[in-house]
Amino acid sequence: MTEPSMPALIAWTVVFALGAYAVCGVPFGLYIARALGHVDVRQTGSGNIGTTNVARSVGKKAAALTLLCDLGKGLVWMLFSRFMLSLIVFGQAGFAPELGYATQPGIAMSVIYLGCVFGHVFSPYLDFHGGKGIAVGFGAALGLWWPVALGLLVVFIAFAVPTRYVSLGSVAAAVSLPIQCALWGFPLESVVPIAVVAAVVVWAHRANIRKLVAGEERKFAFHKEGDK
């Protein structure tokens, strides 16, 4: 990477991070629940627009579509951003190795990752309210560095499946995120925005954490026909 490209990298990183915020702020869960179940998920269950509350409030099909869309928006935007940064800043029609996770310019992708999760949690289309960042965070992690995404999935399954507490698996995965990135060799400047993401996701689960501690958290179950 040549020195004159650094200002361009910074400027375009800001552009694509803002794009991530706008794209990943789209509340697919809200729209899907309305279309398939005629339900405003903000007014049912936990009031969250994510996959878990859609599953409880509407059912499996709506939950699967929500998961796919939330995961997809993070993954697609991360891949699009990496491709465009490679093309615009490094002049490569592909994925420039300079944007790899263990390089200094790789901080650009970590900042865009932060934009993806912040867009979902603080949606500009819902008065800066939104989901809890798990599905979009996983999808975006696939675009950041897929082994990290795989590690998040392993941690989530290890905590969520035996207990049936999705929130427990989600919080555990979030806490492990910056740790996994550091173990994979992400430089400190790349780990910092990722640690901010982890803190925000844990914060978004604050009500769930209180219920877990009090023994009042609901175990996962799909909505059944006839349920109120």
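Positions are given from 1 along the sequence.
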In the single-linkage hydrophobic clustering (I, L, V, M, F, W, Y; side-chain heavy atoms under 4.5 Å), do [X] and [Y] co-cluster?
X      : Y      : answer
Leu152 : Val155 : no
Leu183 : Phe186 : no
Met78  : Val111 : no
Ile10  : Ile88  : yes
Val76  : Phe28  : no

For Ser81, the option from Val15, Ile112, Thr13 that meets side chain to side chain contact (heavy atoms under 4.5 Å, CB included):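 Single pass found, and it is Ile112.
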
Would you find a donor on one side and an acceptor on the other, under 3.5 Å apart, between the side chain of [X] and the backbone of [Y]?
X      : Y      : answer
Tyr21  : Leu114 : no
Trp77  : Phe16  : yes
Asn208 : Glu217 : no
Tyr125 : Ala22  : yes
His205 : Val201 : yes
Asp70  : Gly50  : no
Ser110 : Ile194 : no
Arg34  : Asp40  : no
Arg82  : Leu144 : yes
Thr66  : Thr51  : no

For the atom pair NE2 (His120) and SG (Cys24), what is the distance rounded to the nearest 0.5 Å?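 Atom-to-atom, His120:NE2 and Cys24:SG are 9.0 Å apart.
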
Validation row, ring centre Phe90 to ring centre Trp12 under 6.0 Å: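 No, they do not, as the ring centres are separated by 6.0 Å or more.
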
Heavy-atom check, side chain of [X] versus side chain of [Y], under 4.5 Å:
X      : Y      : value
Glu98  : Leu9   : no
Trp146 : Leu150 : yes
His129 : Phe122 : no
Leu177 : Tyr113 : yes
Ser167 : Lys132 : no

Of the non-hydrogen atoms in [X] and [Y], which two are nearest, and what is the gap between them?
X     : Y      : result
Leu36 : Lys61  : CD1-CG, 4.2 Å
Leu79 : Gly143 : CD2-CA, 4.2 Å
Thr44 : Asn53  : O-ND2, 3.2 Å

Taking atom CZ of Phe156 as the centre, report whether more than 12 heavy atoms of other residues, nucleotides or ligands fall under 6.0 Å from it.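 Enclosed.
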
I'd like to know whether Thr52 forms a side-chain contact (heavy atoms from CB on, under 4.5 Å) with Ser46, so could you lay out the CA-CA distance, the side-chain angles of the two residues, the decisive distance to 0.1 Å, and finally the verdict. CA-CA 9 Å; Thr52 301; Ser46 66; over 6 Å; no

Assess whether side-chain contact (heavy atoms from CB on, under 4.5 Å) is satisfied between Phe83 and Phe95, documenting all intermediate values. CA-CA 5 Å; Phe83 180 86; Phe95 299 117; 3.8 Å; yes

Can Phe80 and Val23 be said to form a side-chain contact (heavy atoms from CB on, under 4.5 Å), step by step? CA-CA 12 Å; Phe80 173 74; Val23 170; over 6 Å; no

Go through the steps to decide whether Val200 and Val197 satisfy the test side-chain contact (heavy atoms from CB on, under 4.5 Å), and finish with yes or no. CA-CA 5 Å; Val200 167; Val197 168; 5.8 Å; no

